[in-house]
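Each chain gets a letter, A, B and so on, in the order its sequence line appears, and its residues count up from 1. As the structure is a prediction and not an experimental result, all values here were calculated from the model.
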Amino acid sequence: MTTLSACPACAAAPLAERVAAPRVAQPDIILSLPTIHCAGCIAGVERSLRTLPGVKAARVNLSLKRVNVQTETLTDAQLVTRLRDAGFEAHPLDRSVLDTGKDAEGQRLLVKLAVAGFAMMNVMLFSVAIWSGASDSTRELFHMISAAISLPAVLFCGQPFFANAWSALRVRRLNMDVPISLAILLAAGMSLYEVLNHGHHAYFDAALSLTFFLLVGRYLDHRSRRAAHSAARDLAALEVHSALRLTKDSAQSVPVSDLRVGDLVLIPTGVRVPVDGTLISLEATTDRAFLTGESAAVRSLMGAEVQAGEINLGAPFKVQATAVGADTTLRRVAAMVEMAENSRNSYTALADRAAAIYAPAVHLLALFAFIGWAVIGGDIRQALNVAVAVLIITCPCALGLAVPAVSTAAIARLYGKGFLVKSGTALERLAETDTVMFDKTGTLTVPASKAVADLLTPRQQAVARALAQSSTHPVSRAVLAALPAGEPATLSGIVEVAGRGVEGLGTEGLVQLGSGAWLGAEFEGPGLRIGCAPAIALPLTETLRAGAQTAIDGLRAQGLHPGIISGDRASAVTPLADTLGVADHRSGITATEKHTQLQTLAKQGHRVMMVGDGLNDAAALAAAHASVAPSSALDAARNAADIVILNDSLADLPLLMSVARAATRLSKQNFAIAALYNVIAVPVALAGMATPLLAAIAMSVSSITVLANAMRIRRVK
Amino acid sequence: MNILLILIPVSIIMGALGLCAFLWTVRSGQYDDDAGTSARILMDDDDNQPGRN
């Protein structure tokens, strides 16, 4: 009997390890599909890939928004093109940055949850029999079987709590897992002692249901956070980590980590520069938005310094590396981000603060109960029994669920609204902020073109369309996006002049689309010239991001003080701030200054929420009390931010704030509910009147109340 | 009460079977994509092989 009943838990342990082991068969290509959301998308993606010759199998994972494709002949570029034609946005993912796609931690928790649930149900059956009057040898038999099931199950399933408790105790701190582990282990150990000594009360069911309920909390917490994490990692994996190194006779593709100072590197159009270096080609046009926050093409001539992270907008150019790897400007900023993040990790979560009060109180209470009963009653065994009853009935269960239940519900709610919450304490920190600082370029504004259509005749539009669509330059794309749909004109001999524009031959003669200076006109921005007619300026100014006004008004109504902190010129920042009605605006701020200004604000007692997207914001994002980045942000900024907005709109920021505040409020309410239960139950336990039945009821009722209260976050407007 | 000697092992074995079945579903990756699995029941040409990726 004993061997049989102990078997499932024992059998489950090696099984769990096999579950955690990575699989051998790897899919060949993984693509990220940020836009898929329904059954139709799954079917569409899979069908279009499977009908492609060379694809063996394709399977979409909707939770992770990815597709795994098995193919031996096709490249990821071919698959991306195929999906783009079918109407799905797709990005190849770097497999070395991704995990293997398997959620080993989640599976381990799920296995433990299943074992705990199985053991709890069986033990509960015996407990019900005992509570309803089984006595003498029957009770002893039932207790024995319960012990045989519970002990291995508790030892196996409680591991996550034991490990956390141990790591906290080792650095002489108390967290919620310390009283949890103590209650589980003491309840099981005390019950075993009682059973061996033919006692009446055993708390096996309490130990197991405690484990089970807490594992439910842990699993939910893990699952909602995993969705956010994998998305963040997907974004990081989008960066390609190889470069073209030029040798005497050929260009060779090598990993960026293999580049050395002095190497010649070729930067193709549209690619990020991997090193700091000196420009060897005659001229180059790059986008330095990541450093300055200003998205504009910058022209540099031979011998100029080029920094890692710039994007080549023009013709391919060559760079001789002067700094690689950790010495590049890019990495130095990244190191600053890391330092700021470390200081933030010292933030004490609400649950840990509660545990710091709760744990010693409960332990002292149990100790006093033990001493009191031992001195007055003189019966050590009974005294120990009462002490264990106090530990169990004070129910760390409700306390352990109080925060995870609320944050799980809140994170799920926010995920539905397009927010990825990356950090466990992000919502708590967000709820405490009183100031919100926005970056301008890329955050409050998106570069877009005004209605160019009004300025041009249909023929001019057709010519502009034909010229714009032949170039991949961002300005050409912006022009193309601004033009209404239609047929392009038929032009011949279209050539792109690096850093200037595009030209071709039409029925009117030479047609050109490019910078004003190149067209011989007065204006600076892009323009169109057809034949001998004067050039027409195409105003392409950045526009407000959708919902920016709503967000600022909403956050102000919630009592936050809004501000703009931008690397851009004052002449660009001031009009925008006036439009949005923001009095506090700072312009021409570099990445380092943003960081120091946020620190100054913190010293003045403000708790700042930072919203930004560029590399120049990354350090500020990490230094802020809480931070948010749009999904269009660079991955350095996304990684530094606590929360990533997946939508293009900022309009839901006030909702984010109210959910964060509600989450903190509900967590505190949950602590209050748990405390209230203790006020009622503890005197009963201290009086020595607690029975296992009473403990089981108290535990279930308090856990369910706390869970139900957490669900109220769904109703926050 | 001798019936207990049969019924208790029977109930535990049945419970253990359920547990093993659940562990199998975990191992074969049937919880890897909850959102996708719930959407796939609407597809006509679904291959009925959850967790193949």
Side-chain angles (χ1 to χ4, degrees), chain A residues 1 4-5 7-9 11-12 15-16 18-19 23 27 30 36-43 46-47 50 57-70 101-103 106-111 113-115 117-119 121-122 125-126 129 134 137-138 141-142 145 148-149 223 227, chain B:
Chain A
M1 183 71 72
L4 206 164
S5 51
C7 183
L15 191 62
R18 256 182 290 145
V19 164
R23 293 200 181 169
I30 305 176
I36 61 166
H37 63 277
C38 66
C41 307
I42 299 181
E46 291 185 350
R47 209 170 294 139
R50 280 176 194 160
R59 192 162 179 96
V60 172
N61 187 324
L62 186 62
S63 316
L64 300 176
K65 296 194 190 272
R66 286 183 195 164
V67 62
N68 292 356
V69 187
Q70 283 181 27
K102 285 285 146 192
D103 177 21
Q107 290 198 338
R108 230 174 278 144
L109 278 175
L110 206 53
V111 167
L113 185 63
V115 172
F118 161 80
M121 279 189 290
N122 279 292
L125 282 178
F126 295 114
S137 55
T138 319
L141 173 69
F142 284 2
I145 301 172
I149 298 176
R223 213 182 57 163
Chain B
M1 289 305 249
N2 285 340
I3 190 74
L4 282 180
L5 294 178
I6 301 166
L7 288 181
I8 289 173
V10 165
S11 80
I12 290 175
I13 289 171
M14 283 171 62
L17 279 180
L19 177 66
C20 291
F22 181 78
L23 294 180
W24 169 74
T25 61
V26 175
R27 273 190 70 195
S28 56
Q30 299 189 26
Y31 303 95
D32 287 356
D33 181 17
D34 326 351
T37 315
S38 60
R40 276 173 198 276
I41 56 167
L42 300 171
M43 289 161 51
D44 292 330
D45 56 348
D46 184 29
D47 54 10
N48 273 326
Q49 292 190 347
R52 231 190 35 200
N53 54 352

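In this structure a side-chain-to-backbone donor-acceptor pair under 3.5 Å is missing from A:Q107 to B:R27.
A 4.5 Å side-chain heavy-atom check between A:V60 and B:R40 finds at least one atom pair inside the cut-off.
The two residues B:I8 and A:F142 come nearest to each other via the heavy atoms CD1-CE1, 3.5 Å. Between B:A39 and A:I42 the shortest heavy-atom distance is CB-CD1, 4.0 Å. Of all non-hydrogen atoms in B:A16 and A:F118, the two that sit nearest each other are N-CE1, 3.1 Å.
Going from atom CG of A:L125 over to atom CD1 of B:I12 covers 9.0 Å, rounded to the nearest 0.5 Å.
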